[in-house]
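Taking it in order: structure first as structure tokens, then the write-up.
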Amino acid sequence: MTLRIGVVGTGMMGQDHVRRLATSVPNAEVVAVSDVNLEQAKRVGEGVGARVFSDGHDLIGDDQVQAVLIASPGFTHEEFTLACLAADKPVLCEKPLAPTIDACLRVLEAETAKPRRQVQVGFMRRYDDGFRAMKEALEAGQVGRPLLLHCRHRNAATPPGFTSDLMITDSVVHDIDVTRWLLGQEVVAANVLKPRPSSKAPEGLQDPQLVLLETAEGALVDVESFVNCQYGYDIRYELVGETGTVSLGELAGVQVRQQERYQGRIPTDWRERFGAAYQRELQEWVTGVLQGQVSGPSAWDGYATTAVAEAAVESLNEDRRTTVELVDRPALYA
Ligand code: ISE
């Protein structure tokens, strides 16, 4: 059986997903792509023999399309996800589920009217071997009760127009999701500290930031978000428990020791660092949908993460600790 997929958005991530779905995910076929940039959509669509639309709604309504992957800009996610729910089509939506709490709640409302989950959010770190091993070590009791989580999230450079708020809503959202998933606790408060901005960052960008999160059971999480670090894409984690620590391997691949030096590769960006995670994410999504179930990160995860991100942005802009209030978790996401 093959899942016929439509991909909304053919920018950087859309192209990456189309290529992977078309070439290396078993039982997946990309039958349609859409983008407001029609020329780009045509180039991407022609490469895989897909039909091409300029409007994502037309793609979602197309009879050939059985399931939808949304990789368009964040502000369009709500309308396309709601359209997929209205058309009864499973959807994998890139993060964020939607940029505001209210928009996420509208998606929750639409999905909870259904008997089963249909929405998955693209928090791909949950599919990474290293992140999974950290969670397994914690759950096996190897380090005792978790107390602290140190997260480093560095990008080499930002695209034009990147803002201080986006450092949280575009980047730190992943660390918020990992915190909730790894520790199995909601985040209840945020406090953003602002060191001296790097002279290598564009004028006016508060880069780096230190985002402090407090969890419901009192663990503390510090996230360094540094998006113009210059040297590559660098993700590091250390979980500190009562009896030990778990660290995420720093560098993927091999390290060469030679002539009194050692060398290893630092990824260029997240597509390289998390390539295997994206692969597994798509594969599990396709297999699940073909079996009639969607089980990856849920719309609830998307909502909770956006709620924490909103609180953190408020802290960033108002220089104070902010708290997070979530609505009751609907039974669909128990
Ligand atoms: C980017 O949009 C992503 O989603 C990456 O996973 C993240 O690490 C990066 O910081 C974001 O800009």
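Because the structure is a prediction, the values reported are computed rather than measured. Both ligands and their constituent atoms are indexed starting at 1 by order of listing.
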Show which side-chain atoms of residues 76-85 pair as donor or acceptor with protein atoms under 3.5 Å away, not counting sequence neighbours.
unit_1	atom_1	unit_2	atom_2	d
Thr76	OG1	Ser72	OG	2.7
Thr76	OG1	Pro73	O	2.6
His77	ND1	Glu94	O	3.2
His77	ND1	Pro96	O	2.5
His77	NE2	Ser72	O	2.6
Glu78	OE1	Arg106	NH2	3.4
Glu78	OE2	Arg106	NE	2.5
Glu78	OE2	Arg106	NH2	3.4
Glu79	OE1	His57	NE2	2.6
Thr81	OG1	His77	O	2.7

Taking NZ, NE, NH1 and NH2 as the nitrogens, is one of them in Arg125 or Asp177 under 4.0 Å from a carboxylate oxygen of the other? no
Cationic N near anionic O, under 4.0 Å, Asp35 to Lys42: no
Expected output: side-chain Asp234 to main-chain Arg154 donor-acceptor under 3.5 Å: no
Carboxylate-amine/guanidinium proximity below 4.0 Å for Arg152 and Asp222: yes
Can you list every pair where an N/O of ligand 1 is under 3.5 Å from an N/O on the protein?
unit_1	atom_1	unit_2	atom_2	d
ligand 1	2 (O)	Lys95	NZ	3.1
ligand 1	2 (O)	Asp170	OD1	3.4
ligand 1	2 (O)	Asp170	OD2	3.0
ligand 1	4 (O)	Lys95	NZ	3.0
ligand 1	4 (O)	His174	NE2	2.9
ligand 1	6 (O)	His174	NE2	3.0
ligand 1	8 (O)	His153	NE2	2.7
ligand 1	8 (O)	Tyr233	OH	2.4
ligand 1	10 (O)	His153	NE2	2.8
ligand 1	10 (O)	Asn155	OD1	3.1
ligand 1	10 (O)	Asn155	ND2	3.2
ligand 1	10 (O)	Ser171	OG	2.7
ligand 1	12 (O)	Asp170	OD2	2.6

Assess whether a salt bridge exists between Arg126 and Glu284, defined as any Lys/Arg side-chain N lying under 4.0 Å from an Asp/Glu carboxylate O. no
